[in-house]
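Everything below concerns the one structure shown next.
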Amino acid sequence: MSAKHVYFFGGKTAEDTGLDAKGQKELLGGKGANLAEMCRIGIPVPPGFTITTEVCAAYYEQGKKIPEAAVPAIEEALKKVEAAFGGRKLGDPADPLLVSVRSGAALSMPGMMNTILNLGLTDASVEGLAKKTGNPRFAYDSYRRLIDMFGSTAMGCEHEKFEHEIHEMKKAKGVKLDTDLSADDLKELVTRYKAVYKAHVMDDFPQDPKKQLFLAVNAVFNSWNGNKAIEYRRIERITGLRGTAVNVQAMVFGNMGGTSGTGVAFTRDPNTGENVFYGDYLINAQGEDVVAGIRTPEPIAKLHEDMPKVYEQLVGIRSTLEKHYKEMQDIEFTVQEGVLYMLQTRSGKRTGTAAVRIAVEMVKEGLIDETTAVKRVAPDSLNHLLQPQLDPKSKVEVVAQGIAASPGGASGIVLLSAEAVVAHAEKNPNDSIMLVRKETSPEDVAGMHLAKGILTSTGGKASHAAVVARGWGKPCVVGCEAMKINEEAQTITIAGKTVKAGEFLTINGTTGDVMIGKVPTVAPSMTGDFATLMTWADKGRKLKIRTNADAPADAAKAREFGAEGIGLCRTEHMFFGKDRIAAVREMILATSTDDRKKALAKIEPFQKADFVGIFEAMDGYPVTIRLLDPPLHEFLPQKDNVEGTEDVARQMGVPVSAIRERVDELHEMNPMMGFRGCRLPVVFPEIGDMQVRAIIEAAIEVKKKGKSVLPEIMIPLVGVVEELTMLKKRAIATAEECMTKAGIKVEYQIGTMIELPRAALTADEIAAEAEFFSFGTNDLTQMTFGFSRDDIKGFMPTYLKEKILPVDPFQSIDVKGVGKLIDMGIKLGRESRKAKHGQHLKVGICGEHGGDPDSVVFCHKVGMDYVSCSPFRVPIARLAAAQAALGDTARDK
Ligand code: PEP
Ligand code: MG
C-alpha cells in the first residue's frame, strides 16, 4: 500500500512514488506514470495529479465510496495545480481553470472507461471563459459538451437525449454541422441540455466545481467495472489489476484560433515501422475533432510550415521520448496560443511488420540490445509477416465476421463443395477458388488443398477446416454464422446479400473478416529484419522447433522458416490424393487379408515416394511419421452422400450396395473413441506392415543417395503398453527384413503419441517400450475434458464468458488438468527410460498447441525437447521458445 493517495505532476517535477517503472505503472496507471515521467524529463505537460489505483480498490472495498483520507489529498493536489497554472482557480467565474478527468489503468484499455472534459464550467464560469477568450461560441460549446459528458458518464443520462436536442436545433436552424451553430444557439442548447439533465437526475446540473470534480472521480472509478471494461479485460485476458487510476489535469485548448491546434502522432510509422514521424494535426481544433473526422487533418510534416517553432520542439520531444523509453511512442499534443503541451505518451500499437522492423532498427541504433528486441515482439504478431496479405492499400467493405482460423488474405470464386473445387480446378488450374462449406471433413481435403481460401459457417479454431488450413498455411475463416448456404440454389447469403457460386468472395484469415468481391494480395518473405530477428531468437532458445507436415512441399516451406525436423507427418493425408484414394477404398472394401494386401501393395509405392520426398526435404533432420490414425469410414463417402456413393461404386466397379454395406458396417456412434489409431494395425497388421516398409525403404533409398535420414515411426493413440509392445515387435521385424534385403542399415526409432489420459498415467510402462513420446494434445485435451474437439461451439463461448474456463483448451494448453498429465507423463516416462535403458526419453508435442505461444512457454517449463507446429507457425514458435527461455517477455506485461 502506497503512503499517498494522490501524486502531483507539473512544471519539471512529479512527486516521487519511490517505486520502479513497473511499480509506478501499477500504482499510477500507464497514463499517470507517463505524465509524471514526461514532467521529470523536462517535457511540457499541463499540471495535474493522479489518484492511485489503490484508491480505486479502496473505493470498491468501501462500497463505492472515495476513502475519507483521499478527499483532503485531492483538494490539496488541486491547489497545487491551480498554483502551477497561473493561480487560476477551478471554475473561478472571472478566469476559470478547467480540468479533464480521465481514467488510466496499468494496462491500456482504450475507450473502455470514462473521460470528462471541461470540468469546472458553470453558469458563472462559462461567462468568465467567454470574456477571457473573447470567444463565447467556444465557451458555450465547451459547456454543453461538459453537461453531455458529465450527465451521461457520471449520472447515467442517455447520451442520445442530448444528441436529440442538438439534432433538433440544427434542423430548426437549417444547418448541417455542429460548427455551423452560433454562440447564441449554443447558449440556448446549454439550457436545453440542463433540462435533459434535470429530467433524468431530478436535480440541477451542479454549479459547484468541486462537487463536479468528486462526482467525476466516482464516475471514472465506476467505469472500471462497467460492462464494456469487464468484457474487454476478459477478451484481452487482463487479470490481477487493482483498478483504474484517475488523472485530473489542467485543460489546454487547441481551438483558440490560428496559433492553436491539436494532434496525435507516432514516433515511427506504426504500419511499416519506418523511422519517420507519423501523425496528423488540425489547426484551431480540439482532440475530439481529429478523431471524429469532421475535418480532414494535415500530415504532421506540414506543421513545419504552419508552426515552425512548435514543429521543431515536437521533433525534439519525439527523440527525447524514444531515447527515454527506448520504445516507439504514441503521443497526443495540444498547442494553445503558440505554446506546446504534451497530453499523453505511451508505447504505440503496431502491426507485426512494424514491430519487427522497429525492434531490429532500435538495436542497430543502439537503443536496445538483441535480447530486448527478441522479448519485445509478440510471437503471434509475426503472422502478419507470414501470409499473403490483403493489400493494405485496397478499400474493403466487411460484410460479416467469423473466427480467424488461419491467417492471410485470399480471394476466390465461391464453390460449395470440395468435389466442385476439384472439378473446376482440373479444367481451370489457374483460377482462385474459395471453398465455402458449412463445415469440412476429411473427404474434402482434395478440394481444400486446391482452394485459395476456406470459409465455413460452423466450427471453431480446432475444427477440421481450421486445423487442415493452418497446416497448409491457407487462409481460413470458420464459424461465420452470419452466412447461410443454399446448396440447392448454389448461393450463399451474407448480411442480406446474395453471392452466387462462381462469384468472388474474399476472406481475411488474420481478422476473420469476410468481404464480397475480389481484393488483391501481397506475398510474404522471410528476409531482412525478420530473418535477423529470428537469428537473435535462435541464440536464446532451448526448445527445438519441428513442423507438422505431410507433403514434401510443406516440409520444404517449413525448412525455409527454420524447422529442425518433422514432429508429425500424418500419413492419412497422403491417402486422399487423387491417384491413391481408389486403392485406399479397395483396401477398406476388401473382405480377405489377401485382397487387403493387394490393395495395400498399390498404395505402398505412393507412400514410399512421399517419404523419399520428405526425407530429402528435411535433409538429415529427424522425421516423425505417424502410422494411419483415423477410422476407416472417413475414406468412404458419408452415409447420406448418395451421389458420392454412386460415384465411388462406379469407379471401383462394385455395386452401390457393396459400398453401402461397408459404410454401414464401419459406422460408429463415437468415431473419435472408436476403431482408430493403433487399434487399426492391431486388427489389420498388414496396414502397419505396409507403412513401416514404405518408411524404411524410403530411408534406405535416400541414404543410398548419400544423404542422412532419421525416421521416427510413431504409433498413435496408445493407451495400454501391450498395444505398443505388439506393434513395435512387428515393426522391428518388418524394418529388419527391409534392411537385410537391401543390405543397408538405417537408424530409426519407434515411439508413441501420448493422447490418452491412460497413456500419461502409465507413461512409465510405456516408456519402457517407446524411444520417444509426442504429446498429441488435440486428442489428449478431448479425452481429458470429455469435450469432442469438433463440437464445442454450443458451450465454449458461454464457458469462456462465465469464466468457467480462462481460455479455449483446444487453443492454449489447460495447464491445470491436461498440463498436469503432460508433466506427470514426462517425469514418469523419463525416469523409467533412464532406469531401464539408461537413455534420455525424447519428448515433444505435436497437437495444435505446439504453435501457440503460451503453450510453447509451458512446453519449455516442463522440459520438452521440441515443439512441432504447422509450417507457417514455425517462426512464431521459434520466437515464443526464445522468450520462454529468456523469461519476462513483453507478453507478461
Ligand atoms: C493430436 O491428437 O494432438 C494429434 C496431433 O493428432 P490428430 O490431431 O491428428 O488427432
Ligand atoms: Mg490425435
Side-chain angles (χ1 to χ4, degrees), residues 405-406 440-442 445 448 459-472 546-551 554 565-576 623-632 634-635 670-681 691 712 714-719 723 751-760 772-792 808-814 817-819 821-822 825 843-852 855-856 858-859 864 866-871 873 877:
S406 178
T440 63
S441 73
V445 287
M448 291 167 79
K461 280 197 164 171
S463 64
H464 180 264
V467 172
V468 173
R470 220 172 292 137
W472 293 332
R546 295 198 192 184
T547 191
N548 294 358
D550 323 315
D554 298 335
I566 287 182
L568 174 64
C569 170
R570 291 178 166 105
T571 47
E572 62 270 17
H573 287 173
M574 302 166 162
F575 280 27
F576 279 102
V623 177
T624 310
I625 298 170
R626 176 178 75 182
L627 302 188
L628 188 65
D629 181 58
L632 296 180
E634 286 197 1
F635 300 96
N670 206 338
M672 279 291 188
M673 296 167 81
F675 189 9
R676 60 173 285 220
C678 65
R679 298 157 205 168
L680 289 165
Q691 293 202 290
E712 298 170 343
M714 181 155 79
I715 301 184
L717 219 73
V718 163
E723 292 168 327
T752 185
M753 289 183 82
I754 304 287
E755 302 175 274
L756 298 173
R758 195 182 189 284
F772 62 87
F773 278 179
S774 177
F775 283 87
T777 44
N778 301 333
D779 274 310
L780 190 59
T781 302
Q782 164 168 266
M783 305 296 186
T784 302
F785 276 96
F787 292 163
S788 157
R789 53 200 267 196
D790 290 313
D791 301 303
I792 56 169
D808 176 351
F810 289 102
Q811 269 176 42
S812 195
I813 279 182
D814 156 53
V818 177
L821 283 170
I822 294 174
V843 177
I845 183 174
C846 63
E848 285 303 296
H849 304 86
D852 165 62
S855 307
V856 172
F858 169 81
C859 295
M864 285 193 190
Y866 69 86
V867 298
S868 187
C869 56
S870 37
R873 293 200 76 82

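Just so you know, ligand 1 is whichever comes first in the structure, and atom 1 is the first atom listed for that ligand. Everything numeric here is computed off the predicted structure, so don't read it as measured data.
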Which pair of heavy atoms, one from A405 and one from A466, lies closest together, and at what distance? CB-CB, 3.7 Å
Ignoring hydrogens and geometry, is there a side-chain-to-backbone donor-acceptor pair from T624 to L568 under 3.5 Å? no
Is the ring pair F635/F575 parallel, tilted or perpendicular, if the boundaries are 30 and 60 degrees? tilted
For A465, all residues meeting side-chain contact (heavy atoms from CB on, under 4.5 Å), sequence neighbours excluded: T440, M448, I454, T456, S463, C476, V478
Atoms of the protein (N/O/S only) found under 2.8 Å from the Mg ion (ligand 2): E755 OE2, D779 OD2
Is Q691 reaching over with its side chain to a backbone N or O of L627, donor-acceptor style, under 3.5 angstrom? no
Taking any residue with a non-hydrogen atom under 4.0 angstrom from an atom of ligand 1, which ones do you get? L568, R570, R626, D629, R676, M753, E755, G776, T777, N778, D779, R789, C846, G847
Could you point out which residue of S774, C569, C869 forms a side-chain contact (heavy atoms from CB on, under 4.5 Å) with C846? S774
Less than 4.0 angstrom from a charged side-chain N to a carboxylate O is my criterion; do D852 and R873 meet it? no
Quick one: list whatever passes side-chain contact (heavy atoms from CB on, under 4.5 Å) with D814, sequence neighbours left out. F785, P809, K816, V818
Check: I845 main-chain N/O paired with S868 side-chain donor or acceptor under 3.5 Å: no
